[in-house]
Amino acid sequence: MHNIKTNWALIAHGGAKDIAPDEELANREGLMEAIAAGSTLLEKGAHSIDVVEAVVKILEKNPAYNAGLYGSVTNEDGIIEMDASIMDGETLDIGAVAGIQDIEHPIMVARLLLREKAIFLVGDGAAKFAKEKGFSRILNHSPAKHNSPGCDTVGCVARDKYGALAVATSTGGLEGAKAGRVGDVPLPGCGFYADSKRGGVSASGDGESIARIMLASEFLYFVRDMHPDQAVERALTLLEKAPGEAGLIAIAPDGTIGWGHTSPNFAVGVASEGVKPSAYLKKSEEKL
Ligand code: ASP
């Protein structure tokens with residue numbers, strides 16, 4: 001852990017997708033609420049690993065986003081199967097779960113796996129681990145209805161005052177997907193990665209395309225030589241090789257924030273030390 005105090009930085013997303021006009025406000029407000037809570041924690045000196053979990057928990061609870069039990073979409077069998085991941089950029093510890101059902105906050109299960117030997121549990125094994133850790137299954141929930149077509153996921157990258165990066169990502173996957181389908185969200189180097197010395201990044205979009213080009217890993221390669229906004233842009237151009245839509249949020253080791261998307265919208269909230277939280281529904285709004 002670094003001891004020198006530096007600037008904190010925070011970015012979160014609510015999914016790379018097309019946002020229907022009647023869902024714009026909920027998407028914007030949800031991000032503002034989550035980013036404001038995360039900023040308060042970072043300002044008080046909280047560690048980035050705790051902040052990314054807290055921010056994703058707030059987004060999972062919000063039915064506007066396709067994550068957690070109240071906003072997730074259903075698969076071809078009408079069942080909610082959720083994936084989540086978290087990574088500590090100081091230790092490179094990872095906790096990831098996939099195909100988990102009936103759990104309010106999959107990110108909390110992923111977090112409890114963070115310091116275990118195993119980094120990734122699926123289906124029944126993930127459910128068993130959650131039960132052992134005291135999570136109860138919530139059986140009487142009904143699937144959320146979204147008017148916005150396309151993909152969705154929530155994610156957060158934070159850099160704390162001590163220079164440590166962390167990332168957390170959570171999703172209900174793609175609507176009507178094959179039972180047991182898992183996308184990029186729990187795959188390190190594809191849907192997420194954090195290394196305090198290299199950068200932190202979380203993706204959203206077409207998981208199969210993101211995994212084929214290892215989008216998070218490509219971002220880390222580009223960000224060695226350029227601003228994270230440009231590195232995001234360069235990484236996204238690789239989607240030409242595996243067509244699909246995606247968005248990325250990222251923070252460089254020095255705390256510089258970057259993000260971008262090829263989808264029509266990308267709900268994003270940003271804040272950093274001395275700069276108030278802002279929420280955007282597409283990158284072009286940032287320049288207004
Ligand atoms: N990337 C997620 C997945 O493929 C979905 C999304 O981001 O909307 O499961």
Side-chain angles (χ1 to χ4, degrees), residues 11-20 23 27 30-31 56 59-60 62-76 79-87 96-101 106-107 110 120 122-123 126 143-144 146-157 167-193 201-219 232 235-236 238-239 242-250 259-268 281-282:
I11 181 162
H13 74 76
K17 56 184 172 179
D18 196 350
I19 300 177
E23 295 190 344
N27 271 273
L31 258 315
V56 165
L59 295 169
E60 280 182 339
N62 190 330
Y65 306 109
N66 172 21
L69 208 49
Y70 308 114
S72 284
V73 296
T74 52
N75 66 12
E76 62 180 0
I79 291 170
I80 293 176
E81 291 185 315
M82 299 167 287
D83 311 330
S85 61
I86 188 162
M87 183 163 185
V97 290
I100 199 159
Q101 296 178 20
I107 198 64
F120 185 12
V122 302
H146 299 280
N147 296 330
S148 303
C151 320
D152 216 341
T153 278
V154 303
C156 179
V157 185
V167 58
T169 310
S170 179
T171 191
L174 301 183
E175 186 146 33
K178 274 191 180 307
R181 176 261 182 199
V182 177
D184 59 301
V185 166
L187 304 181
C190 299
F192 73 95
Y193 204 79
V201 57
S202 168
S204 174
D206 294 306
E208 285 73 8
S209 304
I210 293 169
R212 283 187 178 108
I213 58 170
M214 298 189 300
L215 191 58
S217 154
E218 292 291 353
F219 164 79
V232 164
L236 290 173
L238 299 171
L239 285 167
E245 290 181 344
L248 283 177
I249 57 169
W259 63 287
H261 54 108
T262 60
S263 49
N265 294 104
F266 194 29
V268 165
L281 299 185
K282 51 172 72 164

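Here the structure is a predicted model, which is why all the values come from computation and not from measurement. All ligand and atom numbering here is 1-based and tracks the order in the structure.
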Using a strict cut-off of 4.0 Å, indicate which atoms of ligand 1 neighbour a heavy atom of [X].
| X | result |
| --- | --- |
| Gly173 | 9 (O) |
| Asp184 | 1 (N), 2 (C), 3 (C), 4 (O) |
| Ser204 | 6 (C), 7 (O), 8 (O) |

Task: Pairing of Arg181 and Glu208 as salt bridge, 4.0 angstrom limit - done: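 So Arg181 pairs with Glu208 through a salt bridge.
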
Task: Whether Gly205 lies under 4.0 Å from ligand 1, heavy atom - done: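 It does; at least one heavy atom falls under 4.0 Å.
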
- [ ] May I ask whether Arg181 places a heavy atom under 4.0 Å from ligand 1?
- [x]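 Yes.
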
- [ ] Please lay out, stage by stage, how Tyr65 and Asn27 fare under the test side chain to side chain contact (heavy atoms under 4.5 Å, CB included).
- [x] CA-CA 8 Å; Tyr65 306 109; Asn27 271 273; 3.2 Å; yes

Taking every non-hydrogen atom, the tightest pair across [X] and [Y]:
| X | Y | answer |
| --- | --- | --- |
| Leu248 | Ala203 | CD2-CB, 3.6 Å |
| Ala126 | Ala98 | CB-O, 4.4 Å |
| Glu81 | Gly180 | OE1-N, 2.9 Å |

Open item on the list: Below 4.0 Å, non-hydrogen atoms only: which portion of Met82 touches ligand 1? Side chain, backbone, both or neither.
Closed with: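 No part of Met82 comes within reach of ligand 1.
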
Residues 259-268 side chain polar contacts: donor-acceptor under 3.5 Å, at least two apart:
from   : atom 1 : to     : atom 2 : distance (Å)
Trp259 : NE1    : Glu286 : OE2    : 2.9
His261 : ND1    : Ser263 : O      : 2.7
His261 : NE2    : Lys283 : N      : 2.9
Thr262 : OG1    : Ala246 : N      : 2.9
Thr262 : OG1    : Ala246 : O      : 3.3
Ser263 : OG     : Asn265 : O      : 2.8
Asn265 : OD1    : Ile19  : N      : 2.9
Asn265 : ND2    : Leu281 : O      : 3.1

- [ ] Return a yes/no value for Val185: is any of its N or O atoms, backbone included, closer than 3.5 angstrom to an N or O of ligand 1?
- [x]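 N/O-N/O distance under 3.5 Å: no.
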
TODO: Could you say whether the N/O atoms of Thr153 and ligand 1 ever approach to under 3.5 Å?
DONE: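 Yes, Thr153 has an N/O under 3.5 Å of an N/O on ligand 1.
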
